[in-house]
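Inspection log for the structure reproduced underneath, given as structure tokens.
All values reported here derive from a predicted model rather than from experimental measurement.
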Amino acid sequence: MEAQTLKKYNYWQWRTLLILMIGYALFYFVRKNFSIAMPALEAELGITKTKLGLFLTLNGVIYGISRLVNGFLSDRIANKKGLMALGLLLSAIVNILIGFIPDVNAFFTVLDTEGKATMGFIYLMGSLWLINGWLQGMGYPPCSSLMAYWIRPSELATKQSLWNASHSIGAGLLSLLIGAILGHYSNAAWQWCFWVPAILAIFGAAMIFFGLRNEPHTVGLPSVEEIDRELSGNADKAESAEVESPELTRRIYKRSIKEMVLKNPIIWIISIADFFVYIIRFTILDWGSTILTQVKGMDITLAASVVGAMEIIGGILGMLLAGWVTDKFFKGRAVRTSAICTLLASLCMLAFWQIQGSVVISSLLIILSAFFIYGPQALLGIACSNQATKRAAATANGICGLFCYLSPIVSGIVFGAIADSQYGWDLVFLLSVIFGLIGAAILAILWKKPATGYEKLARIIAEEKARQ
């Protein structure tokens with residue numbers, strides 16, 4: 001391969017990866033701000049944990065459905081960056097509207113005489129947060145698809161794990177931002193927890209739309225499979241994009257969806273396991289600030305700082321190390337790393353629950369829980385992308401995402417109701433540990449499965465070309 005072509009590819013690959021990281025981090029700014037601000041919403045507006053959990057559940061389920069629908073859409077449309085930018089822009093607008101809910105009190109009673117939330121407030125905020133759940137589902141599918149087009153399969157685990165750090169970067173910086181807002185201005189400033197992130201997200205939407213390109217050929221580069229094979233000395237086996245007619249591409253796509261995704265048991269097993277992985281993840285992420293303030297006795301500023309450290313330090317290091325271990329020691333078999341990490345995250349949750357009294361130890365244990373759970377959170381999406389290949393990566397991740405975001409039914413409304421009940425947080429912790437162990441056991445089923453589905457895709461392409 002010519003040095004100039006490789007240099008150009010590296011530039012566009014890293015440019016794409018960086019913009020996707022910043023862009024998706026900003027999706028978190030207008031999505032997880034609600035979770036981090038929940039103690040303020042509870043204290044200032046009198047919204048119960050059960051109702052807050054209901055918001056989390058409905059938002060998560062709608063988000064999962066949206067990821068599935070937009071996964072199919074992202075694999076079919078050419079303008080993937082446009083879909084992502086539009087979702088972020090509209091999500092920012094919804095967040096701005098949420099902050100203005102008290103201003104409609106003159107037309108629709110949303111606050112009572114004490115300034116607490118009425119059912120009108122609950123319905124209005126809930127409806128807007130449901131809409132936001134759908135818009136948020138326009139973020140991940142274009143990312144998974146664009147990365148499959150721009151990152152070579154042989155290094156997807158490492159580099160997509162780097163991109164997955166955007167989850168923790170977004171949630172961590174957001175925790176620090178909201179902690180600073182509420183710590184300085186008190187819970188009465190809850191509206192700014194929606195307005196400030198929204199303003200930043202609007203700039204992010206513009207960056208995504210104008211900074212990204214949808215595929216390598218739009219800047220005169222060959223496909224990542226061709227580059228991968230040329231670098232490995234197998235250029236003669238490279239898939240040739242030039243010979244594909246629109247009809248051939250359509251047939252390959254239909255067979256890829258059917259054989260690489262819908263009839264692929266690996267995708268379904270990964271998706272079921274990810275349901276349990278996400279219960280632990282959302283217990284930590286959505287209830288983290290509430291647990292740290294109400295169970296471990298921290299003030300909101302310290303709790304927000306711990307959540308930020310949990311995301312930025314624990315999450316980022318966990319994802320990067322998990323991706324490196326997967327490529328270095330397991331030859332791309334992401335499910336192996338995921339099974340080990342899920343087991344360790346469950347054990348850390350158990351220790352966090354049982355060890356009492358020390359703020360430092362509690363903080364370290366919840367950071368370690370994030371460190372281990374963000375490995376599988378990142379890697380299972382990568383595993384789906386590699387199994388489905390770039391032809392159907394977004395669809396496979398859409399199915400996996402639907403299972404992931406059914407988990408807020410448990411981590412949201414069920415855990416919120418349990419926390420409000422006589423059983424309290426103890427039962428929440430116990431169930432989280434049990435679900436984590438189940439997830440690790442399911443992932444162990446796939447221990448010996450191949451790392452990618454590209455050999456199967458090559459057979460499908462060869463068969464369809466033979467039919468021309």
Working to the nearest 0.5 Å, report the span between [atom1] of [X] and [atom2] of [Y].
| X | Y | atom1 | atom2 | answer |
| --- | --- | --- | --- | --- |
| S35 | W287 | OG | CH2 | 8.5 Å |
| L457 | E455 | CG | CD | 11.0 Å |
| Y374 | I316 | OH | CD1 | 10.0 Å |
| L379 | S385 | CG | OG | 11.5 Å |
| S127 | I122 | OG | CD1 | 11.0 Å |
| I272 | I445 | CD1 | CD1 | 8.5 Å |

Verify, without hydrogens or angle tests, whether [X] (side chain) and [Y] (backbone) share a donor-acceptor contact under 3.5 angstrom.
| X | Y | value |
| --- | --- | --- |
| R213 | T16 | no |
| S175 | A171 | yes |
| K80 | I77 | yes |
| T342 | A339 | no |
| S338 | A334 | yes |
| N132 | L128 | no |
| S407 | F403 | no |
| N386 | G453 | no |
| K8 | V219 | yes |

Counting only heavy atoms from other residues, nucleotides and ligands, does the tally under 6.0 Å from [atom1] of [X] exceed 12?
| X | atom1 | answer |
| --- | --- | --- |
| Y149 | OH | yes |
| E247 | CD | yes |
| W12 | CH2 | yes |
| K81 | NZ | yes |
| R250 | CZ | yes |

Can you give me the closest heavy-atom contact between [X] and [Y], atom names plus distance?
| X | Y | value |
| --- | --- | --- |
| I62 | G133 | CG2-C, 4.0 Å |
| F282 | K32 | CE2-NZ, 3.4 Å |
| G416 | T50 | O-OG1, 4.1 Å |
| Q387 | A451 | NE2-O, 3.3 Å |
| F29 | L200 | CE2-CD1, 3.7 Å |
| G23 | L88 | O-CD2, 4.1 Å |

Quick one: do E464 and R255 satisfy salt bridge (charged side-chain N to carboxylate O under 4.0 Å, His left out)? Show the steps, please.
-> CA-CA 9 Å; E464 292 302 324; R255 282 196 61 184; 3.0 Å; yes
Could you tell me whether R459 and E463 make a salt bridge, using a distance below 4.0 angstrom between a side-chain N and a carboxylate O?
->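 Result for this pair is yes, salt bridge flagged.
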Parallel, tilted or perpendicular: ring planes of F415 versus F435, cut at 30 and 60 degrees |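 F415 vs F435 ring planes: parallel.
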How are the rings of W195 and F100 set relative to one another: parallel (under 30°), tilted (30 to 60°) or perpendicular (over 60°)?
->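 Correct class here is tilted.
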Audit row: R391, I461, side chain to side chain contact (heavy atoms under 4.5 Å, CB included) steps and yes/no = CA-CA 11 Å; R391 301 280 182 162; I461 293 172; 4.0 Å; yes
Are [X] and [Y] side-chain neighbours, meaning at least one heavy-atom pair lies under 4.5 Å?
| X | Y | answer |
| --- | --- | --- |
| I96 | F194 | no |
| E215 | L146 | no |
| P408 | S411 | yes |
| R67 | L402 | no |
| Q377 | D274 | no |
| V335 | K449 | no |
| Q136 | M138 | no |
| M349 | I373 | no |

Report the C-alpha distance between I399 and L262 in whole Å, list the side-chain angles of each, state the deciding distance to 0.1 Å, and finish with yes or no for side chain to side chain contact (heavy atoms under 4.5 Å, CB included).
-> CA-CA 9 Å; I399 291 174; L262 299 180; 4.0 Å; yes
Donor-acceptor pair between [X] and [Y] side chains, under 3.5 angstrom:
| X | Y | value |
| --- | --- | --- |
| N397 | Y140 | yes |
| T337 | T326 | yes |
| K159 | Q13 | yes |
| S66 | N70 | yes |
| N95 | N33 | yes |

Could you go through the side chain to side chain contact (heavy atoms under 4.5 Å, CB included) check for L90 and I131 one step at a time?
-> CA-CA 9 Å; L90 295 177; I131 294 171; over 6 Å; no
Does the side chain to side chain contact (heavy atoms under 4.5 Å, CB included) test come out yes or no for C384 and L380, once each step is laid out?
-> CA-CA 6 Å; C384 283; L380 293 179; 5.9 Å; no
Of all pairs that satisfy side-chain hydrogen bond (donor to acceptor under 3.5 Å, both in side chains), the ones with a partner from residues 315-325, not counting sequence neighbours =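 Listed by first then second residue: nothing to list.
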Among pairs that include at least one residue of residues 49-73, which meet ring pair (Phe, Tyr, Trp, His ring centres under 6.0 Å), considering only residues two or more places apart or in two chains?
->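 Counting only pairs at least two positions apart or across chains, the ring pair (Phe, Tyr, Trp, His ring centres under 6.0 Å) contacts touching residues 49-73 are F34-F55, Y63-Y405.
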Please say whether the positively charged group of R31, taken as NZ for Lys or CZ for Arg, lies over the ring of Y28, i.e. under 6.0 angstrom from the six-membered ring centre and within 45 degrees of the axis.
->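 So R31 does make the cation-pi contact.
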Member of R251, K465, E259 meeting the side chain to side chain contact (heavy atoms under 4.5 Å, CB included) criterion with I460 |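 The single option meeting the side chain to side chain contact (heavy atoms under 4.5 Å, CB included) with I460 is E259.
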Would you please indicate if the ring centroids of Y9 and W150 are separated by under 6.0 Å?
->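 Not close enough - the centres of the two rings lie 6.0 Å or further apart.
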